[in-house]
Amino acid sequence: MDDLNVKNPPALKQFIPTPPRPPRQSKSGIFGTIRQRCFNSIGNSVLTLCVVAVLFYLVKHVLDWAVFNAVFIADNRRQCMDISPDGACWAGVISWFNGLIYGRFPVDEQWRVNVGVLLGLVWLLPLMSKRIPLRNVILLSWIGLYPFVGAYLFLGGRFGAELGWIHGVMTCLALAFLTIIYVNWILSALGKKGLNELFVPLVSRFVERRIHLLSFVAVWLLIALVMALVLNQVSLEPVAIERWGGLFLTFIIASFAITMAIPIGVVLALGRRSKLPVIHWLSMTVIELVRSVPLITVLFMAVTLLPIFLPADVEFNKLAQVLVAVCIFAGAYMAENIRGGLQAIPKGQYEAAATLGLGYLHTMALIILPQALRMMIPNIMTSFISLLKDTTLVSIIGLFDIMLMARNIANDKDWVGMHTEPLVMISVLFFLFCYSMSQYSLTLEKRLKVDR
Amino acid sequence: MIQSSTSKSQKSPVKGAGLPSSATQKRRSLLNSDASRAVILQAFVLMLALFGLWFLFANASENLNRLGMTFGFDFLQVTAGFNISWSLIPYDPSMSYWRVFFVGIVNTLILSFCVIVVGTLIGTLVGILRLSENPLVSQLARWYVEIVRNVPLLIQIIFWFTVVFSTLPAPRESYHLGEWFFLNNRGLYVTTLQSAVSWGWVLALVAGLILLLYGLLRWSKPYYALSGSRSSGFYIGLVVWALLAGWVLWFFVNAMTLSVPSLQGFNFSGGAYLPASFGAAFVAMTVYRSAAIAETVRAGMQSIDRGQHEAAFTIGFSRVQSLRLILIPQAIRSIIPPMTNSWLTSVKDSSLAVAIGFPELVSVFMQTSMNQTGRAIEIIFMVMGFYIFISLLISYLLNKYNDSVQYKVR
């Protein structure tokens, strides 16, 4: 305390007010936000101005080339050049547009592609609504039955003749199933019972169990029979599989591959997580080997090695070879996706299943896989996008997909040397497809997160 | 599993008419126990796999016999006889298929190395710009990524080749930077250094110098850590090192000459040459890779807790400082695994250059050599083996690095 005892207390500090600060810059409103985020420092302002300049330059040139100086109506490239030398010549792309979409499919038969694709989409439409029950069944029926309808429409021929009678039966069953889905939808909207309940009174007279299932089967077979009678009257022009092409072929390859990739991926992923060493190592080898080589080498392998490694009497077309290759490739990648999903399932689920006395198959099929696959839907969408992009590689093998069609325009005598416009056109197409799908998968991801 | 099997075995005597014989009981327990099931299942799968392999190879040998072809790697010694448009290692048509294989490997590696280095740099930059506060900048970066990511790589490669690189002016009117670099529709001609001594010596000398400097820094580090200043020995060492480096530099300047490309007739001679296909493949793949890497970088940066940003801001770090000292070192941990995948993918993607005729492995070996020799099995085996080797190597190295970077958790 002694040293604090000061004789002369220091003079009190005089209060000097600091000069008032300038008013805060407004941070609200459009101008406030712009000032705050784009011009808050010298460096940032310079950056903003640079970006604006670059954007202006880019947009101006692209618009000049693609819209203002472009030619939309012309007979050949020379005319385009005469009208406007430094603009795009969209006339060529427009005249080849059908080719880009349908490939070398006969022009008179192209409606079949439209109908087939439309049927496929219509079949999947009920999946969009959350109020419709048994959506899994609809999806499974699409995977299992739609290919028959598609093949019938795309390949043609007399009904049940060129493609075999089994195929004919399956086509009828598929169409009947689709009819039942939609009639049921309409009936339920009207507040009536579904079509599949039609024979319930009749069936219940003869049997006691599984009345509804039997009634459904009876209705299904009946409608299929009607379909068969109708389809027997029409005969479609046969179209060789080599004439498939364009965007149509790209989508066929990608969707077939992704549908086959899921079962392959499930088997490989389960195998990789298996505790049995032989199965674990076999699946791991397959997955790692396929994943570490580029797709183009797998395609080359399919085209050159499949004929060598399979019996001499098995006949292959190029599309089948490519499909085998793409399926294996996509399956290996899908396996890794699904493994991620399996790993995310909490251990308690396995233990609960074991407590209930479920065996391995039941645990997987009823408890684990439904959850894992549901979680993996966005990832499956992402792999579909990358598969769709990778499908362009089949043009190197010589399949006439959209890429090769676009490159072929430059060989047409009317449009010799026109490379830029078709490439830009298909880039825009791919961008639209892939971007919208990736945005959709993002919203799905958010929805799944909320659901959990 | 065990419970269910015991409950079944308990039930069975009740259900069955009499007591089951010991033989059936034994059979049943053999099928129901996990251990024996595992053995049976594995044996079955193994048999299936072996049978599949046997089936394939039996067919192959039969088909090869039928077509009069043989299996073996003897063709590698045969003279290739075709020209390769561009090769980093010396090659001429009188060399063997072995040489063709190596030319392909070197070209593939060069292309993917350039793509990885430049793509990673650009990608990191774009990824950081994507997180910029400036909405204009971040949106520009976002749309760059979206557009590049959603257009197939093959289209981009062909676009750059046919639209950009093939429409450059002819050699006479080529774009040039001084008298050292020339860009025309055949490719890029660059001035190179030519050395009188072999490049091995040059590399060894430079490496020795770097090693010396590193050793010097290592040696002076303990003293610096203790006292905060360098010892006088360090400065003496630095001067000696600088003298040595100066001498080496002087030696190099005397031993080396510039090889300048000059137009002679219709083409350039002298200097080094990168074909247009290399340029197109390089630009397209770099752009594509940079978009993928930008996404991984962005995801990695966003995975850092917001508190870290705020803490760095509170300490008074500038944005660059907080990026360099706080955010990037943490983000690296979550960025490395996807980045590795991205690099691996770019090695695999380099095979797409086959579409524009760049002489990489698939093009020279899987297309030209296979068409000439017809040895499909051997060639595909070798090419896939190369890619598998590279994948395993890169993932092994990066796993090692990853282990050293990850948090040490007790």
Side-chain angles (χ1 to χ4, degrees), chain A residues 33 37-38 40 44 47-48 51-52 54-55 271 275-279 282 288-289 291-298 300-301 304-305 307-312 354 357-360 385 388-393 395-396 403 406-407 410 419-420 423-424 426-428 430-435 438, chain B residues 1 3-4 7 38 41-43 45-46 49 55-57 59-60 62-64 66-67 69 132-137 140 146-147 149-156 158-159 162-163 166 344 347-352 354-355 362 366-367 370 376-377 379-380 383-384 387-392 395:
Chain A
T33 316
R37 298 186 56 185
C38 299
N40 55 354
N44 209 357
L47 200 63
T48 306
V51 171
V52 169
V54 167
L55 272 185
K275 289 193 186 72
L276 311 178
V278 171
I279 296 176
L282 265 181
E288 290 305 326
L289 287 192
R291 272 166 50 91
S292 58
V293 295
L295 175 59
I296 185 72
T297 60
V298 183
F300 269 120
M301 187 177 84
T304 54
L305 288 195
I308 295 181
F309 276 108
L310 287 179
L358 296 180
Y360 178 80
I385 295 171
L388 192 68
K389 288 190 291 172
D390 284 346
T391 310
T392 48
L393 294 201
S395 65
I396 297 178
M403 181 82 215
R407 291 193 81 184
H419 291 285
T420 317
L423 284 177
V424 170
I426 60 172
S427 307
V428 169
F430 268 105
F431 176 77
L432 289 180
F433 283 125
C434 297
Y435 181 71
S438 71
Chain B
M1 197 61 225
Q3 279 200 341
S4 73
S7 71
L41 192 63
Q42 293 190 62
V45 169
L46 201 63
F55 175 74
L56 292 181
F57 280 101
N59 281 326
E62 189 184 313
N63 284 332
L64 288 182
R66 192 167 47 81
L67 298 171
M69 299 198 297
S132 159
E133 290 164 348
N134 190 331
L136 230 71
V137 175
L140 187 73
E146 291 289 0
I147 290 175
R149 242 179 16 146
N150 284 315
V151 175
L153 177 58
L154 186 63
I155 296 183
Q156 293 188 38
I158 289 174
F159 181 87
T162 58
V163 177
S166 299
L344 273 181
V347 174
K348 290 188 273 168
D349 279 349
S350 70
S351 60
L352 291 193
V354 65
V362 172
M366 233 173 176
Q367 278 199 323
M370 193 147 90
I377 303 177
I379 283 178
I380 285 177
V383 172
M384 288 198 158
Y387 282 111
I388 291 168
F389 173 74
I390 288 290
S391 296
L392 293 181
S395 55

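Here the structure is a predicted model, which means the values were calculated and not measured. Chain letters run A, B, ... following the sequence lines, proteins first and then strands; every chain starts at 1.
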**Student:** With a 4.5 angstrom heavy-atom cut-off, is it the side chain or the backbone of Pro307(A) that approaches chain B, or both, or neither?
**Tutor:** backbone
**Student:** Using a 3.5 Å distance criterion without hydrogens, assess whether the side chain of Asn150(B) forms a donor-acceptor pair with backbone atoms of Phe431(A).
**Tutor:** no
**Student:** Identify which of Thr304(A), Val298(A), Leu310(A) forms the greatest number of heavy-atom pairs closer than 4.5 Å to chain B.
**Tutor:**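 With the most close heavy-atom pairs to chain B, the winner is Leu310(A).
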**Student:** Flag the one option from Thr391(A), Leu276(A), Leu388(A), Val51(A) with the top tally of heavy-atom pairs under 4.5 Å to chain B.
**Tutor:** Leu276(A)
**Student:** Is Leu140(B) in contact with chain A via its backbone, its side chain, both, or neither, using a 4.5 Å heavy-atom distance?
**Tutor:** side chain
**Student:** Evaluate the side chain to side chain contact (heavy atoms under 4.5 Å, CB included) criterion for residues Ile380(B) and Thr297(A): first the C-alpha distance (whole Å), next the side-chain angles of each, then the deciding distance (0.1 Å), finally the verdict.
**Tutor:** CA-CA 8 Å; Ile380(B) 285 177; Thr297(A) 60; over 6 Å; no
**Student:** Where is the tightest heavy-atom contact between Ala355(B) and Ile396(A), given as atom of each residue plus distance?
**Tutor:** CB-CD1, 4.0 Å
**Student:** Counting only non-hydrogen atoms closer than 4.5 Å, does Arg149(B) touch chain A with its backbone (N, CA, C, O), its side chain (CB onward), both, or neither?
**Tutor:** backbone
**Student:** Return the option, out of Leu64(B), Ile147(B), Leu67(B), Leu344(B), with the maximum number of heavy-atom pairs under 4.5 Å with chain A.
**Tutor:** Ile147(B)
**Student:** Rounded to the nearest 0.5 Å, what separates atom CD1 in Ile158(B) from atom CG in Leu423(A)?
**Tutor:** 7.0 Å
**Student:** For side chain to side chain contact (heavy atoms under 4.5 Å, CB included), just list the numbers for Met366(B) and Ile296(A), CA-CA rounded to whole Å, side-chain angles, deciding distance to a tenth of an Å, and then say yes or no.
**Tutor:** CA-CA 10 Å; Met366(B) 233 173 176; Ile296(A) 185 72; over 6 Å; no
**Student:** Can any side-chain N or O of Asn44(A) pair as donor or acceptor with the backbone N or O of Asn134(B) at less than 3.5 Å?
**Tutor:** no
**Student:** Which answer fits Leu153(B), side chain, backbone, both or neither, if we ask what part of it has an atom under 4.5 Å from a heavy atom of chain A?
**Tutor:**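 Neither part.
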**Student:** At a 4.5 Å cut-off on heavy atoms, which part of Gln156(B) comes close to chain A: side chain, backbone, both, or neither?
**Tutor:**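 Contact with chain A: none, neither part.
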**Student:** Identify which of Gln367(B), Met69(B), Glu62(B) forms the greatest number of heavy-atom pairs closer than 4.5 Å to chain A.
**Tutor:** Gln367(B)
